[in-house]
Amino acid sequence: MDVYLLDWLNLLLRWAHVITAIAWIGASFHFVGLDNSLTPPDDPADREKGIGGELWAVHGGGFYHQQKYPVSPARLPERLHWSMWESYSTWLTGFGLFTVLYLFNASTFLIDKSLFDWSPAAAITASLGFLAAFWVIYDGICRLFGQRRHGDVVVGALVFVFVVFASWLSCQLFAGRAAYLLVGAMLATTMSGNVFFVIIPGQRKVVASLRAGTPVDPVFGKRGKQRSFHNTFFTLPVLIAMLSNHFGFLYAAPHNWLWLVLVMLAGALIRLSFVLRHKALAFGQPVPWRYAVVGTLMLAGVIAAMAPTPKPAAAVPPSAPTLAEVQAVVTQRCAMCHNEALANKGVRLDTPELTTQHAQQVYQQAVVLKLMPLNNATQITDAERDLIKRWFEAGAK
């Protein structure tokens, strides 16, 4: 019953996390697109009111006229829409899911003793430290260099170097699946940190100044826009890091930290083209697709570099393994979690008949996706995976 309820908690948290993430990413993409699509207002009266840009749009059978005040309107309405709970809900549900899946099962999900042999308590502390430390260092970089000359370039370069280092370190300390998730989580935590500690407090100070009739400090708007701009480039890297836990061929590969960095960088470059696309279309300029092309070529390079090396054809093709040979591997590597007493996911593999019954699942999880055994806790070898592969492809007899 405990496992059953934990599975339901996992499902519901995952569902809520995806829903809130869609809302947050959608709002983020919308406002970045809106900000980059604004053109100077045509009506002189609008310019006199302090409107810096406008956008006419058609959607859902109606027309929308959106306007932006770079600093402040002459009169601030009582009712304002605040974009913050999408961010907070996404982080809270994500952290809840991380707690249920990884922190409650640290010895299984966080730790790979072949990489780093430490206690569950130490691994949990280090994983939480990753989330906090990245935010603190990132925020320090932004505050120290963000408002200087060429600040955006300097901040971008320093943050990229720090992401590379954090990715490498995470993959040295944690199981591959957890390492990738932690990198995604530290970026997502930084995104929510930008909203919670910088963007919303700055907006509240601007609103308070307007209501009090005192001058508005433009630094809050500049800082908020900078952090919002960073968030849009973190989005695709976060998504690929989160999705990667379904693809063992990626997170369990040699040099897994390098592939993660390259795939995340490709996503950020592709996103850059789409961000610049809005401004280009607004002003009738060519869309700078070159960044997306570079990102796509980078992805293609990763795919080619990670491709398995073809094995030379044997002079005499090996005969199909027997069920007894396969069962010997399954008993040693899989049956301790899939037996009569403990049948994880309702799958038992403790007899030859049950192994044959679940042959499709064994092949998919252990050979194609390489997700099982989890974190390769039982040290299954490539030769043993190949044996299961040949048995299944010969008909799983």
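Below, all heavy atoms of this structure are taken into account, side chains as well, without hydrogens, waters or symmetry copies. Throughout, residue positions are numbered sequentially from 1 according to the sequence presented.
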Asks: Under the side chain to side chain contact (heavy atoms under 4.5 Å, CB included) test, which residues partner Ala253, sequence neighbours left out?
Replies: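 Counting only residues at least two positions away or on another chain, Ala253 forms a side chain to side chain contact (heavy atoms under 4.5 Å, CB included) with Trp259, Met306.
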Asks: Okay, side chain of Ser244, backbone of Ala241: is any donor-acceptor separation there less than 3.5 Å?
Replies: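 A pair under 3.5 Å: yes.
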Asks: Take the angle between the ring planes of Trp56 and His65 and call it parallel below 30°, perpendicular above 60°, tilted in between.
Replies: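 Geometry flag for His65 against Trp56: parallel rings.
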Asks: Would you mind listing every side chain to side chain donor-acceptor pair (under 3.5 Å) that reaches into residues 187-206, with sequence neighbours excluded?
Replies: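 Qualifying pairs: Ser87-Ser192, Trp91-Thr189, Tyr138-Asn194, Asn194-Arg227, Asn194-Asn231.
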Asks: Does a salt bridge link Arg143 with Asp139, judged by any charged N lying under 4.0 Å from a carboxylate O?
Replies: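 The answer is yes: the pair qualifies as a salt bridge.
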Asks: Would you say Ile200 ends up clustered with Phe220 if hydrophobic residues are merged whenever their side chains have heavy atoms under 4.5 Å apart, either directly or through other cluster members?
Replies: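 Per the 4.5 Å side-chain linkage, Phe220 and Ile200 are co-clustered.
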Asks: Who pairs with Leu13 by side chain to side chain contact (heavy atoms under 4.5 Å, CB included), at least two apart in sequence or on another chain?
Replies: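 Result, side chain to side chain contact (heavy atoms under 4.5 Å, CB included) vs Leu13: Leu9, Leu97, Val100.
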Asks: Calculate, to the nearest 0.5 Å, the distance between atoms CG and OG belonging to Asn376 and Ser114 respectively.
Replies: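 Here the interatomic distance stands at 7.5 Å.
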Asks: Could you measure the distance from the CZ atom of Phe98 to the NE2 atom of His17? Nearest 0.5 Å is fine.
Replies: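 The distance works out to 11.5 Å.
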Asks: Quick check against the 3.5 Å criterion: does Thr93 have a side-chain atom that pairs as donor or acceptor with the backbone of Ser89?
Replies: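 A pair under 3.5 Å: yes.
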Asks: Evaluate the side-chain proximity of Leu76 to Pro73: yes if any heavy-atom separation is below 4.5 Å, no if none is.
Replies: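 Yes, close enough: below the 4.5 Å cut-off.
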Asks: So, for Arg390 and Ser319, which heavy atoms are closest and what is the spacing to 0.1 Å?
Replies: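 Closest heavy-atom pair between Arg390 and Ser319: NH1-O, 3.2 Å.
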Asks: Is Glu384 salt-bridged to Arg333, cutoff N-O under 4.0 Å?
Replies: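 Salt bridge: yes.
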Asks: Tell me whether His255 at atom NE2 has more than 12 heavy atoms from other residues, nucleotides or ligands lying less than 6.0 Å away.
Replies: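 Open.
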Asks: Quick one: side chains of residues 280-297, donor-acceptor pairs under 3.5 Å with protein atoms, not counting sequence neighbours, listed by atom name and distance.
Replies:
unit_1: Thr296; atom_1: OG1; unit_2: Ala292; atom_2: O; d: 2.8

Asks: Kindly indicate, with the supporting measurements, whether the criterion side-chain contact (heavy atoms from CB on, under 4.5 Å) is fulfilled by Ser228 and Phe31.
Replies: CA-CA 9 Å; Ser228 180; Phe31 278 106; 6.0 Å; no
Asks: When the side chains of residues 343-352 are checked against the rest of the protein, which donor-acceptor pairs come out under 3.5 Å, sequence neighbours left out?
Replies:
unit_1: Arg348; atom_1: NE; unit_2: Asp350; atom_2: OD1; d: 3.2
unit_1: Arg348; atom_1: NH2; unit_2: Asp350; atom_2: OD2; d: 2.9
unit_1: Thr351; atom_1: OG1; unit_2: Leu354; atom_2: N; d: 3.2

Asks: Output yes when a side-chain donor or acceptor of Thr90 lies under 3.5 Å from a complementary backbone atom of Thr20, and no otherwise.
Replies: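 Yes: the side chain of Thr90 pairs with the backbone of Thr20.
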Asks: What's the verdict on side-chain contact (heavy atoms from CB on, under 4.5 Å) for Leu210 and Val216, showing C-alpha distance, side-chain angles and the deciding distance?
Replies: CA-CA 7 Å; Leu210 289 173; Val216 174; 3.6 Å; yes
Asks: Tell me if a side-chain donor or acceptor on Arg148 pairs with a main-chain N or O of Leu144 at a distance below 3.5 Å.
Replies: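 Such a contact is found between Arg148 side chain and Leu144 backbone.
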Asks: Looking at Arg211, I'd like to know if its CZ atom is crowded, meaning that more than 12 non-hydrogen atoms belonging to other residues, nucleotides or ligands lie closer than 6.0 Å.
Replies: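 Result for CZ/Arg211: enclosed.
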Asks: Taking the six-membered ring for Trp, are Phe229 and Phe233 ring centroids under 6.0 Å apart?
Replies: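 So the answer is yes for these two rings.
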Asks: Following the transitive rule for hydrophobic clusters with a side-chain heavy-atom cut-off under 4.5 Å over Ile, Leu, Val, Met, Phe, Trp and Tyr, establish whether Leu169 and Val163 coincide in one cluster.
Replies: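 Yes; Val163 is reachable from Leu169 via cluster members.
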Asks: Answer yes or no: is there a side-chain heavy-atom contact under 4.5 Å between Arg47 and Asp42?
Replies: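 With C-beta onward as the side chain, the pair stays apart.
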Asks: Relative to each other, are the rings of Phe165 and Phe162 parallel, tilted or perpendicular (30° and 60° limits)?
Replies: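 Geometry flag for Phe162 against Phe165: parallel rings.
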Asks: I would like to know whether Met336 and Thr378 meet side-chain contact (heavy atoms from CB on, under 4.5 Å); could you show each step before the answer?
Replies: CA-CA 9 Å; Met336 63 280 299; Thr378 58; 3.6 Å; yes
Asks: Given 3.5 Å as the limit, does a donor-acceptor pair link the side chain of Ser170 with the main chain of Ala166, or not?
Replies: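 No, the answer is negative, given that no donor and acceptor are paired below the 3.5 Å cut-off.
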Asks: I'd like to know if Leu131 and Phe134 are part of one continuous hydrophobic network [Ile/Leu/Val/Met/Phe/Trp/Tyr, side-chain heavy atoms within less than 4.5 Å].
Replies: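 Yes; Leu131 is reachable from Phe134 via cluster members.
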Asks: Taking atom CG of Asp43 and atom CD of Glu54, what is their separation to the nearest 0.5 Å?
Replies: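 One gets 8.0 Å once the value is rounded to the nearest 0.5 Å.
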Asks: Rounded to the nearest 0.5 Å, how far apart are CG of Leu272 and CZ of Arg277?
Replies: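 It comes to 13.5 Å.
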Asks: A side-chain contact here means heavy atoms from C-beta on lying under 4.5 Å apart; do Met264 and Ser167 qualify?
Replies: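 Side chain of Met264 against side chain of Ser167, heavy atoms only: contact under 4.5 Å found.
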Asks: Nearest 0.5 Å please: distance from the CG atom of Leu11 over to the CH2 atom of Trp15.
Replies: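 Answer for the CG-CH2 pair, Leu11 versus Trp15, is 8.0 Å.
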Asks: Knowing that exactly one of Phe130, Tyr102, Phe109 qualifies, which makes a ring-ring contact (aromatic ring centres under 6.0 Å, His included) with Phe174?
Replies: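 Passing option: Phe130.
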Asks: Quick one, Thr232 and Val275 - any side-chain contact, counting heavy atoms below 4.5 Å?
Replies: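 Yes. Closest side-chain heavy atoms under 4.5 Å.
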Asks: Phe274 and Phe29: aromatic ring centres closer than 6.0 Å?
Replies: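 So the answer is no for these two rings.
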Asks: From the options Lys389, Glu393, His358, select the one residue that forms a side-chain hydrogen bond (donor to acceptor under 3.5 Å, both in side chains) with Tyr363.
Replies: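 Of Lys389, Glu393, His358, side-chain hydrogen bond (donor to acceptor under 3.5 Å, both in side chains) with Tyr363 is met by Glu393 alone.
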Asks: Does this structure show an ion pair linking Lys225 with Asp35, if we count only N-O contacts that are shorter than 4.0 Å?
Replies: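 Salt bridge: yes.
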Asks: Any side-chain heavy atom of Trp135 sitting closer than 4.5 Å to one from Met186?
Replies: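 No, their side chains stay 4.5 Å or more apart.
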Asks: For Trp257, what residues pass the side chain to side chain contact (heavy atoms under 4.5 Å, CB included) criterion, not counting sequence neighbours?
Replies: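 Residues passing side chain to side chain contact (heavy atoms under 4.5 Å, CB included) with Trp257: Val164, Trp168, Cys171, Gln172, Val261.
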Asks: Kindly check if the number of other-residue, nucleotide or ligand heavy atoms within 6.0 Å of OH (Tyr69) is above 12?
Replies: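 For Tyr69, atom OH is crowded (more than 12 foreign heavy atoms under 6.0 Å).
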Asks: Measure the shortest side-chain to side-chain distance between Met191 and Val195 over non-hydrogen atoms and say whether it is less than 4.5 angstrom.
Replies: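 With C-beta onward as the side chain, the pair stays apart.
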Asks: Is the NZ or CZ atom of Arg177 both under 6.0 Å from the centre of the six-membered ring of Phe247 and within 45° of that ring's axis?
Replies: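 Arg177 over Phe247 ring: no.
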Asks: Is it true that Phe249 and Val263 fall in one hydrophobic cluster, defined by side-chain heavy atoms closer than 4.5 Å?
Replies: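 Yes.
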Asks: Please report the interatomic distance CD(Gln226) to SG(Cys142), rounded to the nearest 0.5 Å.
Replies: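 Gln226 CD to Cys142 SG: 5.0 Å, rounded to 0.5 Å.
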Asks: Check this for me: Trp82, atom CH2, are more than 12 non-hydrogen atoms of other residues, nucleotides or ligands nearer than 6.0 Å?
Replies: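 Above 12, so yes.
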Asks: Mind checking whether Phe160 and Val183 sit in one hydrophobic cluster, side chains of I, L, V, M, F, W, Y counted as touching below 4.5 Å?
Replies: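 Yes, one cluster joins them.
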Asks: Sub-3.5 Å donor-acceptor pair from the side chain of Asn256 to the main-chain atoms of Tyr251, do we have one?
Replies: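 Yes, because the side chain of Asn256 sits within donor-acceptor range (under 3.5 Å) of the backbone of Tyr251.
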Asks: Please check: side-chain N/O of Asp117 versus main-chain N/O of Lys113, any donor-acceptor pairing under 3.5 Å?
Replies: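 No, the answer is negative, given that no donor and acceptor are paired below the 3.5 Å cut-off.
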Asks: Are the side chains of Ile240 and Tyr180 in touch, meaning some heavy atoms are under 4.5 Å apart?
Replies: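 No; the side chains remain at least 4.5 Å from each other.
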Asks: Would you say that Phe95 contacts Leu128 through its side chain, given a criterion of any heavy-atom pair below 4.5 Å between the two side chains?
Replies: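 Phe95 reaches Leu128 side chain to side chain.
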Asks: Going through the checks in order, is the side-chain contact (heavy atoms from CB on, under 4.5 Å) test met by Ile388 and Glu325?
Replies: CA-CA 9 Å; Ile388 296 172; Glu325 291 176 299; over 6 Å; no
